[in-house]
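Notes follow once the structure below has been shown.
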Amino acid sequence: AGDRRRVLARALGTQTVQVDSCAMESPVGYLWQTPTGRMLAASCTPEELDGIIANDGLPGESWEEAKSRRDLALELAEIRQAGVAERHERDVASLAVPIWSATGTLLGALGMHMPEYRWTLEFREQTLRALRNSAVRLAGVWSDGISAVMGNR
C-alpha cells in the first residue's frame, strides 16, 4: 500500500514454542528483512520497486546479498523465478509466496515462520504447498471482495 509493506493479519500456531513474528522485524529495513517484504518487492512492477527504494532505501545491512541496486535486482529475480522467498535467521525459518489475482494483479504475500529445529526439506515442501494453496484461496476471496467494491462505484 503506497509502496510500503502492510501486515493485514497475523495468526499464531498452537504449539507451546512459537516464533514472535513482530520480534523478527525492526523499523530499519523493515520490508527487506521479511520474506513477505522480499516477495512483494520481487513481484512488483519496476515503477513500484522504484517507489519502495525511494521510501525504504536499498536493503543495506538488512540483506547482505542485496546491498547494491544491481545485486538487489539479481536477488529479486531469483525469488520471482522460484516463486518463494525463504530466510533462515536467529534460529527461525521463514517462507513467503505471492498472492496473485486471476488477472495477474499482485494482491499481497503470504508468509510463515517456524523454529529452525522443526525445519526439514520434507516439511518445507509440505508447508510451501499449503502456503500456495492458501494464497490461491485468499486470491479468490479478495478478488471477489475487490470486484464487489469496485462494482458498487
Side-chain angles (χ1 to χ4, degrees), residues 1-13 15 17-139 142-143 146:
D3 298 325
R4 296 204 183 270
R5 176 181 174 269
R6 302 281 189 249
V7 176
L8 298 179
R10 292 186 194 270
L12 297 176
Q15 296 88 359
V17 177
Q18 298 184 31
V19 173
D20 179 356
S21 60
C22 294
M24 297 297 297
E25 303 165 357
S26 81
V28 178
Y30 178 63
L31 177 124
W32 302 119
Q33 291 175 359
T34 65
T36 52
R38 293 175 182 190
M39 179 52 70
L40 291 170
S43 303
C44 70
T45 67
E47 296 78 22
E48 290 168 331
L49 182 58
D50 288 340
I52 290 169
I53 292 171
N55 285 327
D56 292 296
L58 290 169
E61 301 302 316
S62 296
W63 193 355
E64 286 291 324
E65 301 81 9
K67 284 186 176 181
S68 72
R69 179 71 187 247
R70 181 182 176 281
D71 290 342
L72 175 62
L74 293 171
E75 291 292 323
L76 294 177
E78 283 183 29
I79 290 171
R80 209 172 19 259
Q81 183 176 10
V84 61
E86 184 171 332
R87 189 159 189 224
H88 297 264
E89 180 191 33
R90 296 189 286 174
D91 297 322
V92 175
S94 306
L95 291 173
V97 299
I99 303 171
W100 295 103
S101 74
T103 60
T105 301
L106 179 65
L107 299 174
L110 179 62
M112 57 72 57
H113 303 285
M114 76 173 81
E116 189 76 46
Y117 72 84
R118 291 189 183 135
W119 188 259
T120 65
L121 289 180
E122 180 182 348
F123 192 72
R124 177 193 186 272
E125 293 309 310
Q126 291 171 353
T127 304
L128 193 51
R129 204 168 24 257
L131 281 172
R132 287 182 171 144
N133 289 338
S134 296
V136 169
R137 291 179 64 200
L138 276 172
W142 287 352
S143 293
I146 290 168

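In this structure, E78 CD and R38 CZ are separated by 11.5 Å, a value rounded to the nearest 0.5 Å. Between atom CD of residue E116 and atom CD of residue E89 there is a gap of 11.0 Å, rounded to the nearest 0.5 Å.
Using a 30° and 60° split on the angle between ring planes, W119 and H88 fall in the perpendicular class, above 60°.
Considering every non-hydrogen atom in both L95 and P35, the closest pair reads C-CB, 4.1 Å. The two atoms that bring V92 and H113 nearest to each other are CG1-CB, 4.0 Å, heavy atoms only. Heavy-atom minimum distance, L110 versus S134: CD2-CB, 3.5 Å. Of all the heavy atoms in S43 and P98, the pair that sits closest is OG-CB, 3.9 Å. Contact record, A135 with I99: O-CG2, 3.5 Å, taken as the closest heavy-atom pair. Of all non-hydrogen atoms in W32 and L58, the two that sit nearest each other are NE1-C, 3.8 Å.
The shortest distance between side-chain heavy atoms of E61 and K67 falls below 4.5 Å. For the pair D71 and E65, the minimum side-chain heavy-atom distance is 4.5 Å or more. In this structure the side chain of N133 never reaches within 4.5 angstrom of the side chain of R137, judged on heavy atoms. Taking the side chain as every heavy atom from C-beta outward, E48 and L106 never approach each other to under 4.5 Å. By the 4.5 Å heavy-atom criterion applied to side chains, T34 and S94 are not counted as neighbours. Residues L49 and L76 form a side-chain contact, since some pair of their non-hydrogen atoms from C-beta on lies under 4.5 Å apart. Residues L138 and L107 fail the side-chain proximity criterion, which asks for heavy atoms closer than 4.5 Å.
R87 places a side-chain N or O within donor-acceptor distance of the main-chain N or O of Q33, the cut-off being under 3.5 Å. In this structure, W63 contributes its side chain and L72 its backbone to no donor-acceptor pair below 3.5 Å.
Remark: E64 CD is packed, more than 12 non-hydrogen atoms of other residues, nucleotides or ligands lying under 6.0 Å away. Few gaps surround CD on E125; more than 12 heavy atoms of other groups in view lie less than 6.0 Å from it.
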(message) Using the rule given for side-chain contact (heavy atoms from CB on, under 4.5 Å), can you reason through R132 versus V84, listing the C-alpha separation, both sets of side-chain angles and the distance that settles it, and then say yes or no?
(response) CA-CA 9 Å; R132 287 182 171 144; V84 61; 4.1 Å; yes
